[in-house]
Amino acid sequence: MQEVKAKKYLGQHFLTDENTALRITEALDKKDRVLEIGAGMGVLTKYLIPAVNDFKVVEIDTESVQYLYNAYPSLSDKIIEGDFLKLSLSEVFNGEHFALIGNFPYNISNLILFKVFDNREIVDQVVGMFQKEVALRITAQKGSKTYGILSVLLDAFYERSYLFSVSNTLFNPPPAVQSAVITLKRKNDVTLGVNTEDFVRVVKAAFNHRRKMLRQSLKSLQKDLTDVDEKFLTLRPEQMDTQDFINLTRMIYHE
Ligand code: SAH
């Protein structure tokens with residue numbers, strides 16, 4: 001079968017190592033409903049088809065979609081040809097919960113993760129390969145250089161784990177950066193105790209100026225900060241854990 005010619009603008013780097021492909025698919029706990037993002041030439045797909053009850057794929061590249069139809073006829077009505085970022089996730093499995101998996105297109109990593117956050121009610125697990133720098137950022141703890149907005153937002157709702165690194169030599173064509181596989185597993189029954197949108201606003205405002213004290217960066221919220229504990233106002237965002245951000249949100253918005 002003819003191979004798909006890799007298209008750089010679609011972030012196409014095909015994994016060539018079967019052992020890594022298997023390890024990624026084995027990191028999936030929930031196998032009832034799974035959506036794969038960007039199946040490409042199906043290196044993960046072929047392990048997922050027999051393992052998952054209700055399996056679907058979203059792939060933007062027509063040439064890849066044709067390849068998948070030919071290589072895996074059983075997928076024929078399971079492939080959504082289109083952009084994951086435009087997909088209404090609640091419609092993919094009729095509103096049922098599901099897991100996401102993929103060797104993700106690196107150019108849209110952050111957008112994929114914000115979409116997971118927005119759909120946290122139905123996305124139970126994510127198993128994915130990202131560029132290593134993003135994988136470190138997603139799984140970072142407070143105090144680390146890579147700790148940022150997504151670390152905090154995802155930590156509020158998901159158990160985050162860094163699984164393993166993957167050398168760029170295991171792809172065709174090799175990406176410029178190293179890669180790594182992470183998982184996110186939704187925590188049970190999380191209630192922040194504050195309005196989630198306000199929490200997001202506070203986290204974003206704080207990290208907008210990483211090096212500044214919160215007293216300065218929170219000004220952009222245009223809220224009265226007189227009820228905020230002084231100890232928070234002299235901190236920088238990387239010194240705050242998720243619970244600190246929740247407490248801070250409560251003080252600012254009186255929730
Ligand atoms: N899973 C394959 C391919 C990974 S490359 C492998 O591991 O070898 C990333 C894949 O994501 C490519 O097939 C690319 O066409 C697809 N892709 C890129 N942007 C996308 C988008 N917005 N929505 C869905 N798929 C996308």
Side-chain angles (χ1 to χ4, degrees), residues 1-28 34-52 55-72 74-75 77-93 98-119 123 125-135 138 163-183:
M1 195 173 308
Q2 205 148 28
E3 295 201 351
V4 176
K5 196 166 174 297
K7 299 169 194 73
K8 210 172 172 191
Y9 66 97
L10 291 178
Q12 287 185 335
H13 296 280
F14 299 112
L15 181 66
T16 52
D17 184 55
E18 294 297 330
N19 184 41
T20 305
L22 198 56
R23 279 174 82 193
I24 295 173
T25 56
E26 282 174 350
L28 205 55
V34 177
L35 175 65
E36 183 184 358
I37 304 177
M41 290 200 294
V43 67
L44 303 178
T45 320
K46 65 171 172 292
Y47 296 111
L48 294 167
I49 293 171
V52 175
F55 175 61
K56 292 188 183 171
V57 165
V58 55
E59 171 58 68
I60 202 169
D61 176 34
T62 309
E63 196 187 346
S64 294
V65 169
Q66 278 312 323
Y67 179 94
L68 294 163
Y69 276 138
N70 293 334
Y72 308 103
S74 70
L75 274 184
D77 55 346
K78 309 280 186 187
I79 304 180
I80 304 165
E81 181 172 351
D83 183 348
F84 169 74
L85 298 176
K86 295 199 179 127
L87 202 58
S88 160
L89 294 190
S90 57
E91 284 170 23
V92 179
F93 295 101
F98 62 94
L100 271 177
I101 193 166
N103 165 15
F104 297 132
Y106 294 171
N107 48 343
I108 57 167
S109 300
N110 282 344
L111 295 173
I112 291 175
L113 289 162
F114 279 109
K115 185 155 179 154
V116 167
F117 179 78
D118 289 341
N119 287 274
V123 179
Q125 192 185 7
V126 179
V127 176
M129 180 131 64
F130 292 92
Q131 59 269 53
K132 190 168 181 172
E133 177 219 327
V134 172
I138 302 165
L163 296 190
F164 54 91
S165 312
V166 182
S167 161
N168 62 344
T169 58
L170 300 180
F171 297 85
N172 181 25
V177 292
Q178 302 295 320
S179 300
V181 178
I182 63 116
T183 65

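In listed order, ligands and their atoms are each counted from 1. These figures come from a predicted structure and were not determined experimentally.
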Problem - Closest protein heavy atom (residue, atom, distance) for atom 18 (C) of ligand 1 - result: L10 O, 3.1 Å
Exercise for the section: Nearest 0.5 Å please: distance from the CG atom of L113 over to the CD1 atom of I108. Expected result: 10.0 Å
Fill in the blank from the handout: Output for pair (M129 CE, L15 CG), nearest 0.5 Å, gives 4.5 Å
Exercise for the section: Specify the protein heavy atom at minimum distance from atom 1 (N) of ligand 1: its residue, its atom name, and the distance to 0.1 Å. Expected result: G38 O, 2.9 Å
Practice task
To the nearest 0.5 Å, tell me how far L35 CG sits from K78 NZ.
Solution key: 12.0 Å
Completion exercise
Within the 4.0 Å heavy-atom cut-off, what H13 brings close to ligand 1 is backbone
Exercise for the section: Could you tell me whether some N/O pair between F104 and ligand 1 is separated by less than 3.5 angstrom? Expected result: no
Exercise for the section: Measure the spacing between CE of M41 and CD of E3 and express it to the nearest 0.5 Å. Expected result: 4.5 Å
Problem - Short N or O distance, P105 and ligand 1, threshold 3.5 Å exclusive - result: no
Problem - Which residue and heavy atom of the protein sit nearest atom 25 (N) of ligand 1, plus the separation - result: I60 N, 3.4 Å
Handout entry: Distance-only donor-acceptor check, side chains S165 and Q178, under 3.5 Å
Key = no
Exercise for the section: Could you find the nearest protein heavy atom to atom 7 (O) of ligand 1 and give me its residue, atom name and distance? Expected result: N103 ND2, 2.7 Å
Exercise for the section: For ligand 1, find out whether one of its N or O atoms is nearer than 3.5 Å to an N or O atom of E59. Expected result: yes
Practice task
May I ask you to test the V177-E133 pair for a side-chain heavy-atom distance under 4.5 Å?
Solution key: no
Problem - Heavy atom of the protein closest to atom 8 (O) of ligand 1 (residue, atom name, distance) - result: L15 N, 2.9 Å
Handout entry: Element-labelled atoms of ligand 1 that are located less than 4.0 Å from some non-hydrogen atom of D61
Key = 15 (O)
Handout entry: Side-chain heavy atoms of I112 within contact of V126, under 4.5 Å
Key = no
Problem - Sub-4.0 Å atoms of ligand 1 with respect to non-hydrogen atoms of V43 - result: 6 (C), 7 (O), 8 (O)
Practice task
Using a 4.0 Å heavy-atom threshold (strictly under), name the region of I108 that reaches ligand 1: side chain, backbone, both or neither.
Solution key: side chain
Exercise for the section: Can you sort out which atoms of ligand 1 are near G40, meaning under 4.0 Å from one of its heavy atoms? Expected result: 3 (C), 13 (O)
Handout entry: Heavy-atom check, side chain of Q12 versus side chain of S64, under 4.5 Å
Key = yes
Exercise for the section: Check each atom of ligand 1 against the heavy atoms of G11 and keep those under 4.0 Å away; list them by number with element. Expected result: 5 (S), 9 (C)
Exercise for the section: Decide yes or no for F84 and L111: does some side-chain heavy atom of the first lie under 4.5 Å from some side-chain heavy atom of the second? Expected result: no
Practice task
With heavy atoms of F14 as the reference, note each atom of ligand 1 found under 4.0 Å away.
Solution key: 3 (C), 8 (O)
Practice task
Calculate, to the nearest 0.5 Å, the distance between atoms CG and CG belonging to N103 and L170 respectively.
Solution key: 11.0 Å
Practice task
Show which atoms of ligand 1 fall inside a sub-4.0 Å distance from at least one heavy-atom site of F84.
Solution key: 21 (C), 22 (N), 23 (N), 24 (C)
Problem - Closest approach of any protein heavy atom to atom 2 (C) of ligand 1, naming residue and atom - result: A39 O, 3.4 Å
Problem - Flag for E81-T62: side-chain donor and acceptor within less than 3.5 Å - result: yes
Fill in the blank from the handout: For atom 22 (N) of ligand 1, the closest protein heavy atom turns out to be D83 OD1, 2.8 Å
Practice task
Take every heavy atom of G82, measure it against each atom of ligand 1, and state whether any distance is under 4.0 Å.
Solution key: yes
Handout entry: Residue, atom name and distance, where the atom is the protein heavy atom closest to atom 12 (C) of ligand 1
Key = Q12 CG, 3.4 Å
Handout entry: G102 heavy atom under 4.0 Å from ligand 1
Key = no
Problem - Spacing of CD1 belonging to I49 relative to CG belonging to L44, to within rounding of 0.5 Å - result: 11.0 Å
Practice task
Measure up the F171 and Y106 rings against each other and bin them: parallel (under 30°), tilted (30 to 60°), perpendicular (over 60°).
Solution key: perpendicular
